[in-house]
Asker: 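Submitted below is the structure of interest, expressed as structure tokens.
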Amino acid sequence: MGEYLVEMDRICKSFPGVKALDDVSFRLKSGEVLALLGENGAGKSTLMNVLSGVYQKDEGEIRLFGKTVEDLNPKKAQELGIAIIHQEMNLCRHLSVAENIFLGREESRCGVLQRKDMNRRAAEILARLNLDIDPAEAVGNLAVSKQQMVEIAKALSTDARILIMDEPTSALTMSEIDELFQIIRRLKGDGCGIVYISHRLEELQNIADRVQIMRDGRYIASMNFADTTMDEIIANMVGREITEKFPRISCPRGEKILEVRNLNAGKMVRDINFDLFAGEIVGIAGLLGAGRTETTRAIFGADPKDSGQILLDGREVVIRRPIDAIRGGIMLVPEDRRKDGLCIKLSVQSNISLPNLDMLSNRFGVIDRKKEKKLSEKSIQDLNIKLPSSTVNVATLSGGNQQKVVVAKWLARNSRVVMFDEPTRGIDVAAKVEIYNLMNELKKQGIGVLFVSSEMPEILGISDRILVMCDGKITGEMEIGEASQDLILKYATTFDTKSGLPEAI
Amino acid sequence: METKDRQNAWKRFMSIRGVGQVVTVTAGLIVLCIVFSMLSSSFYSERNVGNLLRQIAPILIIGIGQAYVLITGNIDLSIGSVVGMSCMISATLMTKGVAPFAATMITILICLGVGVLNGTLVAKCKVPPFIATLGTMTIARGVAQIVNNNYNTDAIGDSAQGFRNLFYYGKTLGLYNTIWIAVILFLAFDFLLGKTRTGRHIYAIGSNMEAAKLSGVNSVNTTVIVYVVSAFCACVVGLITCAIAGMGTMDAGNMYEMYAVAAAAIGGISTFGGEGLLVGTVVGASIWGVLQNGLQFAGAPVAIRNIVIGTIVVISVLLDVVIRKNKPRKKAKRVLPVQVGSAK
């Protein structure tokens, strides 16, 4: 191990309402693999985005190769030798491997592309990585793992010495992961520094030299991997005091409302079985991509089901489309409010009334404006949404208030089951508490509440019962009394297909 | 106090979505009318005003149809061909001795079929609307040509005089019937769009298809409805065209789909979907008609008319794009915390 490639000192970065990075320091040496660990939202991606110039730091100092760097932007970072390999691949599927590698830096002579030259140079880089990939092949024709390798080749073609890999193994099979690790070791031998972000802690033993742990936008610890234990790492990752307030009310568990039996829908929803009782809040925990959102969407009828039964109050209901679920009293407050929750060009009132138009119109389909106004104003008041009037465009509201509008849409009618998908993502603490209170209110009314969250404290703070998902399956279920962060994390990483990882070479 | 109240009322009126653009283009329309009346003293003669309104009517009708489709974020290129098809089918039937009423009904049914086909292709089969309606545009024109063996029809004859009066030559309460037809269709479709569930669904799928679906909106049915409305409007214009000439012409309605886009777009219907008021299309169609008529009165050759009108279309949509471009930039900052929250 050699000199420091990256030295970041006391980095701070705020976004409106959120302090994403608070006094974080970071070191990366040449010839080492540093595993950057932390829960969702711990600030890992933000820190790496600062390093690669996507975000500008508010405070602190960045030294690259020993030199202080100011005004880092993505282009400058690339020129300095920083390459980031994203979780979702940024390749043009229809272009060839060589074209992708040299995208934006094409070689041309008198305006004519030097295709042969680029293919030759691409072949050299691929050979250096010991990869058997034809540079002229279209990227879309390659297996996912090979595409990942092309990403790496692209990074190396810029002579990058600092590589950031964000969840590089999430789309790979066992043997492909093995292949990736070999390449990482080779790059390490060439003196590159590699930042490795992964939720799969069991992978670390194969490659990590050092770990740095972050939590809530803060630096927590950094140590040599050899000197630590997995338990210590997990304890550092999750062991925070829960500082947010989680209002909890207790009410007796009532009748069984919802029963999901052997639900299958695509790759991410496999053989799901669970019950939901009146007067309880069930949290679904798991890592990103565990199939939690897909499960709620399949129940709601937003995505087609392959098989399985859904019983509401003991009777089977057939849900083919969202409207079937809505009529039956099953509501879904979706995850991404801009993508799935709101019609951003319409008014607050129109958004709230959209799923409830059947109640607001006569049998000829004519909307009763007075009823509509009454309904939306009542919802706005109930949820304490702050806005000048119900006719303003939803786009003008803050994130928390937008989220409340999404929730309001679904609470205006009588429901039996309400599913929330990441209801508090990206909203401030005060608004979060209001959402929790609302969920408690529903619970008190005897409505079954199901909620998906990636925030551990929230799951532990609000739910009465917890389901844990991993890889499209429910891997654990526990009452709140027996739940702990370690236990949830254990179930959440119970991968059945990729558990046996190759031994370190 | 009173002026303050009035100011507030004005502010509230302007804050209704889409009103701003309508007010702007209406001001433009008034300016055009003033300019043309100065250029030619007979622009405001009773005769010309009647003719002008009668010229505007068909553009308004197809504009309404296209506006419906545009609000859902799609486009209908088959409008012009459906106009031709409607014109040829009705004329052929009437020359073959079918009663005008029956001929009209049969024509409407066939045209609605094109609308159902368009809507199904786009919403159910997920064919991009540009391609789907490009296909039906070509097919419908082919149908227009084949119904009378690739000839324009003969005169539809004396028995169809009532048909011709109903759709074009007759007057009711001092106004040409064509104008009445446009007014009635506008009122009906404005009601459908503004006051009913279907109308709200149309805006919703144009604004955010995924959110609308998750709210229980049947996106396939809604898309079929807008294409059926568009085909119906085109059909009516085809009948009007048949009534004007008293015969069927195979190239009737050529390019009308584009005129329809122009009328809707000038009137503030967003070509990106989800926005716009139908009343804007009235203004858009009027601007189109006034330019055609006024430039003709002012003695401008056809070539100049085309250049002026084309320029106006681009400028009005350009304004829309510029306004849109400036808006999200403000929003972008607000989005950031959301992205941070979802960071892994």
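Note: hydrogens, waters and symmetry copies are ignored here, and every other heavy atom, side chains too, is used. Residue numbering restarts at 1 for every chain, and letters A, B, ... go by the order of the sequence lines.
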Asker: Only pairs of heavy atoms separated by less than 4.5 Å count here; which of A:L342, A:N356, A:D368 has the most with chain B?
Answerer: A:L342

Asker: I'd like to know which of A:N351, A:I323, A:D324, A:L360 tops the heavy-atom pair count under 4.5 Å against chain B.
Answerer: A:I323

Asker: Could you check if a side-chain atom of B:V217 sits within less than 4.5 angstrom of a side-chain atom of A:L354, using non-hydrogen atoms only?
Answerer: yes

Asker: Please name the pair of heavy atoms, one in B:R200 and one in A:S353, separated by the smallest distance, quoted to 0.1 Å.
Answerer: NH1-OG, 3.3 Å

Asker: Return yes if some donor-acceptor pair links the side-chain N/O of A:K345 with the main-chain N/O of B:G206 below 3.5 Å, else return no.
Answerer: no

Asker: Is A:R327 in contact with chain B via its backbone, its side chain, both, or neither, using a 4.5 Å heavy-atom distance?
Answerer: neither

Asker: Please rank B:T198, B:N208, B:I205, B:L192 by heavy-atom pairs under 4.5 Å with chain A and give me the top one.
Answerer: B:N208

Asker: Looking only at non-hydrogen atoms, find the nearest pair between B:S215 and A:K409 and report the distance.
Answerer: OG-NZ, 2.8 Å

Asker: Do you know the tightest heavy-atom contact between B:R197 and A:S361?
Answerer: NH1-OG, 2.8 Å

Asker: For A:Q403, which atoms come within 4.5 Å of any heavy atom of chain B: side chain, backbone, both, or neither?
Answerer: neither

Asker: Of the options A:D340, A:V406, A:V333, which is the one that meets B:L214 in a side-chain contact (heavy atoms from CB on, under 4.5 Å)?
Answerer: A:D340

Asker: Under 4.5 Å heavy-atom distance to chain B, tell me which part of A:D358 shows up: side chain, backbone, both or neither.
Answerer: both

Asker: What pair of heavy atoms forms the shortest contact from A:C343 to B:A204, and how long is it?
Answerer: SG-O, 3.6 Å

Asker: For the atom pair CZ (A:R321) and NZ (B:K213), what is the distance rounded to the nearest 0.5 Å?
Answerer: 10.5 Å

